[in-house]
Amino acid sequence: MTVATHRSTYPRGVTSLGLGSVLGASTNVVFSHVAQAVNPFVVTLCMVTVSAIVFGAVNRGRRPLLNGDTWRAAIGLNVASAGAYVCLVVGLKYLEPAVGTALQAGAAPLMTILVTSLLARRFTAGPAEWCGGAVILVGSGLLMWVSFSGRSALGSADTGGTAIGVAAVLVSGLAMVFLTLCAKRLTQLGWSNSAVLAHRFYFTIACCTGLSIGVDANWSALMDSAGYLLPFCVIGSGVLLLLQIGIRNVAPFVVMAMTNLNSLLTYLLQLFDTRLHLSLSTLYGIAVVLAGLLWIVVTQRRGPRHPPGQR
């Protein structure tokens with residue numbers, strides 16, 4: 001990507017990611033609330049089934065290019081999608097929503113640098129990327145301490161549950177890195193946004209269906225929440241489209257950094273959740289994360305400093 005092309009697509013990509021974060025924050029709070037009463041695998045199955053129907057209808061009759069490269073990227077996209085969705089919803093069951101989303105996204109920028117460098121067999125990031133990613137990681141570490149010490153909006157800490165939640169969202173963050181890289185690769189190979197989104201849920205649906213068999217799904221609670229869960233599943237489909245537009249237009253590192261905007265918006269929206277109380281400690285951690293995000297957005301808008309194909 002040339003500098004001129006980057007400067008023309010960067011605002012579009014960042015704007016899409018920002019809007020996606022606004023809507024994504026609302027869905028995270030709702031899904032976290034529902035997952036308290038309904039098995040998280042059932043909640044995830046509802047989410048992805050609605051999205052699969054929406055994007056399957058949009059992409060109906062359009063066959064994307066299929067060859068060895070696209071098959072590998074599509075399989076990777078499906079596996080990464082399952083890991084990202086399932087692990088995030090499990091994590092949100094045990095963590096304050098703002099902390100869960102922040103931890104999921106917090107390590108992702110540095111993970112992206114490491115994964116892309118490993119694939120390229122050389123470090124392709126500059127000091128600005130490392131600095132911004134490190135600041136976000138520090139903020140995430142602070143939020144992890146907030147959760148384990150009982151200073152989150154959930155109050156007293158269940159160490160076992162917190163450990164499960166933290167592990168789940170960190171795995172979800174790593175899966176998001178691979179998801180972004182695979183989606184980016186498919187767009188480079190000529191797939192449209194709707195094609196990428198229509199073909200990313202097969203493995204997630206299969207996994208969630210298998211994990212939902214034999215569990216206490218609490219169907220009555222699911223039906224009670226269906227009135228607002230279904231609209232937010234549709235909103236979640238819009239979030240995925242906005243994120244995909246961002247993936248197409250900016251570097252994976254910027255995509256992963258922008259997902260950290262979710263944490264502040266989730267924090268504000270979760271104030272309406274009666275099971276949670278105000279936590280200034282969480283807000284301080286989020287402030288550190290956003291400082292790193294602001295640094296990344298400002299420094300990356302100048303364009304690539306590396307040869308095309310290395311970012």
Which atom of [X] lies closest to which atom of [Y], heavy atoms considered:
{"X": "Cys207", "Y": "Ala82", "answer": "SG-CB, 4.4 Å"}
{"X": "Ser194", "Y": "Val58", "answer": "CB-CG1, 4.0 Å"}
{"X": "Cys233", "Y": "Ser51", "answer": "O-OG, 4.2 Å"}
{"X": "Val254", "Y": "Val14", "answer": "CG1-CG2, 4.4 Å"}
{"X": "Cys87", "Y": "Ala168", "answer": "CB-O, 3.1 Å"}
{"X": "Ala175", "Y": "Ala84", "answer": "CB-N, 3.5 Å"}

Atom [atom1] in [X], atom [atom2] in [Y]: separation rounded to 0.5 Å?
{"X": "Ser16", "Y": "Asn249", "atom1": "OG", "atom2": "CG", "value": "6.5 Å"}
{"X": "Ile296", "Y": "Leu290", "atom1": "CD1", "atom2": "CG", "value": "11.0 Å"}
{"X": "Leu179", "Y": "Gln244", "atom1": "CG", "atom2": "CD", "value": "8.5 Å"}
{"X": "Cys208", "Y": "Phe203", "atom1": "SG", "atom2": "CZ", "value": "10.0 Å"}
{"X": "Met111", "Y": "Met256", "atom1": "CE", "atom2": "CE", "value": "10.5 Å"}
{"X": "Leu17", "Y": "Ile247", "atom1": "CG", "atom2": "CD1", "value": "7.5 Å"}

With a 4.5 Å limit on heavy-atom distance, are the side chains of [X] and [Y] in contact?
{"X": "Phe201", "Y": "Thr49", "answer": "no"}
{"X": "Val177", "Y": "Pro252", "answer": "no"}
{"X": "Val166", "Y": "Tyr94", "answer": "no"}
{"X": "Thr116", "Y": "Leu181", "answer": "yes"}

Got a donor-acceptor contact below 3.5 angstrom from the [X] side chain to the [Y] backbone?
{"X": "Trp295", "Y": "Cys131", "value": "no"}
{"X": "Asn59", "Y": "Phe55", "value": "no"}
{"X": "Thr112", "Y": "Phe253", "value": "no"}
{"X": "Thr15", "Y": "Arg12", "value": "no"}
{"X": "Trp191", "Y": "Leu65", "value": "yes"}
{"X": "Thr187", "Y": "Lys184", "value": "yes"}

Trace of the side-chain contact (heavy atoms from CB on, under 4.5 Å) decision for Trp130 with Leu110: CA-CA 7 Å; Trp130 283 103; Leu110 289 182; 3.7 Å; yes
If hydrophobic clusters are built by linking Ile, Leu, Val, Met, Phe, Trp and Tyr wherever their side-chain heavy atoms come under 4.5 Å apart, do [X] and [Y] end up in the same one?
{"X": "Ile205", "Y": "Val38", "answer": "yes"}
{"X": "Ile53", "Y": "Val196", "answer": "no"}
{"X": "Leu143", "Y": "Val288", "answer": "no"}
{"X": "Ile235", "Y": "Val48", "answer": "yes"}
{"X": "Leu137", "Y": "Leu142", "answer": "no"}

Donor-acceptor pair between Ser81 and Asn78 side chains, under 3.5 angstrom: no
Steps toward side-chain contact (heavy atoms from CB on, under 4.5 Å) verdict (Leu243, Val255): CA-CA 8 Å; Leu243 294 180; Val255 175; 5.8 Å; no
For Arg185, the option from Asp69, Thr180, Leu77 that meets side chain to side chain contact (heavy atoms under 4.5 Å, CB included): Asp69
Stepwise side-chain contact (heavy atoms from CB on, under 4.5 Å) check, Glu129 with Thr299: CA-CA 8 Å; Glu129 288 96 326; Thr299 57; over 6 Å; no
